[in-house]
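Predicted, not measured: the structure shown is a model, and the values here were computed from it.
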Number of protein chains: 2
Amino acid sequence: MVAERAEGGEQALATRLRLAVVRLNRRLRAQRGGAAVVTLTQISALSSLHQHGPMSAGELAARERVQPPSMTRVIAALAELGFVDRRPHPSDGRQTVVSLTAAGRAYVDVDVSIRERWLDERLAELTDEERAVLSHAVAIIHRMAST
Amino acid sequence: MVAERAEGGEQALATRLRLAVVRLNRRLRAQRGGAAVVTLTQISALSSLHQHGPMSAGELAARERVQPPSMTRVIAALAELGFVDRRPHPSDGRQTVVSLTAAGRAYVDVDVSIRERWLDERLAELTDEERAVLSHAVAIIHRMAST
DNA sequence: TATTGTTATACTCTATAACTATA
DNA sequence: TATAGTTATAGAGTATAACAATA
């Protein structure tokens, strides 16, 4: 154990962070109104494609830190929705290049924010300083999760 | 949409926070060494019992923000492991009172930290200031997730 | 009749193992 | 022989609907 464990009923930072992530994740997953066809995991993959451009299925799996078979299913679902294209790699016949379609790009740009209403409302209830803390924390978490 | 959407490829705070939570959650679920019999969800329930004492199954479900049938399964698994007891409510025959056993308390106190090694190591790589930011952010997230 | 909890069932998310096709 | 991807299968996590027992 590296981090200190504070006394007096206070829990270690790792414990509190773990519980916070598990519970917020649960709330976020629950926020899928009837119209929301795309799951959190799928949105995460779409976001990677949106941010980094077309890439192979394996590269996408590595970036999302999931195993290739898991990504195969995510890509298949997104392709069925018309949000991504799968094309053979020009020089390596083993690879599949995945890219956003226009519909996929539009989804990320616009419709995701509808899905995000609950979280936006919670964030709007915070002070500017609290939002700044969260913003900084998010950057730290992204760094940790990519390690 | 309430929170501002920053320009220049920067994503809104809600989007970045959602991705951070989804991805860290994924990493945390993956960290279950062979000996780790208890899942993240079960640990979360154990933590609630540890922090707030014995409570009814329904109260535990409400606190964890899951539906009663989901909590029934979690409690059944924890009871089978010997980490919780289920006893009839003294005055209301419909309710089941769930409480930590000595083994459950010992698990939360000691063994959970083994499970937490990966996260502890990541946290140890941060600066004091970054850990302070995360600690503050965790408090904010807990508040948001309880709303 | 309303509330508490459980059982039955189903869908999402993810993994490991085994397989196919290409390099 | 090694790599990229897919298929098959399984377990965790959660929900809704239907039910039983008690209030």
Side-chain angles (χ1 to χ4, degrees), chain A residues 18-19 21-34 36-46 54-81 84 86-98 115 145, chain B residues 18-19 21-34 36-46 55-81 84 86-98 115:
Chain A
R18 174 175 45 73
L19 291 174
V21 165
V22 167
R23 288 173 185 166
L24 185 53
N25 189 259
R26 205 134 63 189
R27 297 305 292 270
L28 290 174
R29 283 192 191 280
Q31 299 307 130
R32 48 178 161 220
V37 281
V38 175
T39 68
L40 273 189
T41 299
Q42 291 164 4
I43 290 175
S44 188
L46 285 178
M55 65 185 91
S56 73
E59 202 180 335
L60 191 50
R63 212 178 270 284
E64 291 287 318
R65 307 268 160 186
V66 298
Q67 294 302 306
S70 302
M71 190 48 69
T72 292
R73 305 192 97 209
V74 171
I75 293 169
L78 290 173
E80 188 144 342
L81 289 165
V84 302
R86 275 177 293 190
R87 267 175 296 210
H89 189 280
S91 63
D92 185 342
R94 297 170 302 180
Q95 291 185 39
T96 303
V97 178
V98 183
R115 166 81 182 249
Chain B
R18 175 175 44 72
L19 291 173
V21 166
V22 167
R23 289 173 183 165
L24 185 53
N25 189 260
R26 203 134 67 193
R27 297 305 292 270
L28 290 174
R29 284 192 190 278
Q31 299 305 132
R32 49 176 162 221
V37 279
V38 175
T39 69
L40 271 191
T41 299
Q42 290 163 5
I43 290 175
S44 188
L46 285 177
M55 66 185 91
S56 74
E59 200 180 336
L60 191 49
R63 213 179 268 285
E64 291 287 317
R65 306 269 159 183
V66 297
Q67 294 302 307
S70 304
M71 189 49 69
T72 293
R73 303 188 99 205
V74 171
I75 292 169
L78 291 173
E80 189 144 341
L81 288 165
V84 302
R86 276 180 291 190
R87 267 175 295 209
H89 189 281
S91 63
D92 184 340
R94 297 170 304 180
Q95 290 186 40
T96 305
V97 178
V98 183
R115 166 82 181 249

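The heavy-atom pair separating B:Gln95 from B:Ser56 by the smallest distance is OE1-CB, 3.5 Å. Nearest heavy atoms, A:Ala57 versus A:Ile75: CB-CD1, 3.8 Å. Between A:Ala77 and A:Gln42 the shortest heavy-atom distance is CB-NE2, 3.4 Å. Taking each heavy atom of A:Ala45 and A:Val74 in turn, the nearest pair found is CB-CG1, 3.9 Å.
Contacts of A:Ser44 with the nucleic acid, taken as non-hydrogen atoms under 4.0 Å apart, are absent. Using a 4.0 Å heavy-atom criterion, one finds that B:Thr72 contacts the bases of the nucleic acid, with or without backbone contacts as well.
Between A:Asp92 atom CG and D:dA2 atom C1' the separation is 12 Å, expressed in whole Å. We find that CD1 of B:Ile75 is positioned 15 Å from C1' of C:dT7, with the value rounded to whole Å. Nucleotide D:dT22 holds its C1' atom 13 Å from the NE2 atom of B:His89, rounded to whole Å. Rounding to whole angstrom units, CD of residue B:Gln42 and P of D:dA12 are separated by 8 Å. The distance between atom CE of B:Met71 and atom C1' of D:dT16, rounded to the nearest whole Å, is 17 Å. Distance CG (A:Leu78) to P (C:dC13): 10 Å, rounded to an integer number of Å. Rounded to an integer number of Å, the gap from A:Arg23 CZ to D:dG13 C1' is 15 Å. Between the CD atom of A:Gln31 and the C1' atom of D:dT14 there is a distance of 14 Å, given to the nearest Å.
Of the residues in residues 55-70 of chain B, those lying under 4.0 Å from DNA chain D by heavy-atom distance are B:Val66, B:Gln67, B:Pro69, B:Ser70.
Considering CG of B:Asn25 and CZ of A:Arg26, their distance stands at 9.5 Å, rounded to 0.5 Å.
Between A:Thr41 and C:dT14 there is a side-chain polar atom (N or O) within less than 4.0 angstrom of OP1 or OP2. Applying the 4.0 Å criterion to OP1 and OP2 of C:dC13, one finds that A:Thr39 has a side-chain N or O inside that range. Between B:Arg29 and C:dC13 there is no side-chain N or O to OP1 or OP2 distance below 4.0 Å.
Comparing A:Ser91 and B:Gln95 by the nucleotide of DNA chain C whose heavy atom lies nearest to each, the residue mapping closer to the 5' end is B:Gln95. With DNA chain D read from its 5' end, the first of the two nearest nucleotides for B:Arg94 and B:Leu40 is the one closest to B:Leu40.
Donor-acceptor pairing under 3.5 Å, judged by distance alone, is absent between the side chain of A:Arg73 and the base of C:dT12.
A side-chain contact (heavy atoms from CB on, under 4.5 Å) with A:Met55 is found for exactly one of A:Val97, A:Val98, A:Leu60, namely A:Leu60.
Counting only heavy atoms from C-beta outward, the side chains of A:Arg65 and B:Arg27 approach each other to under 4.5 Å.
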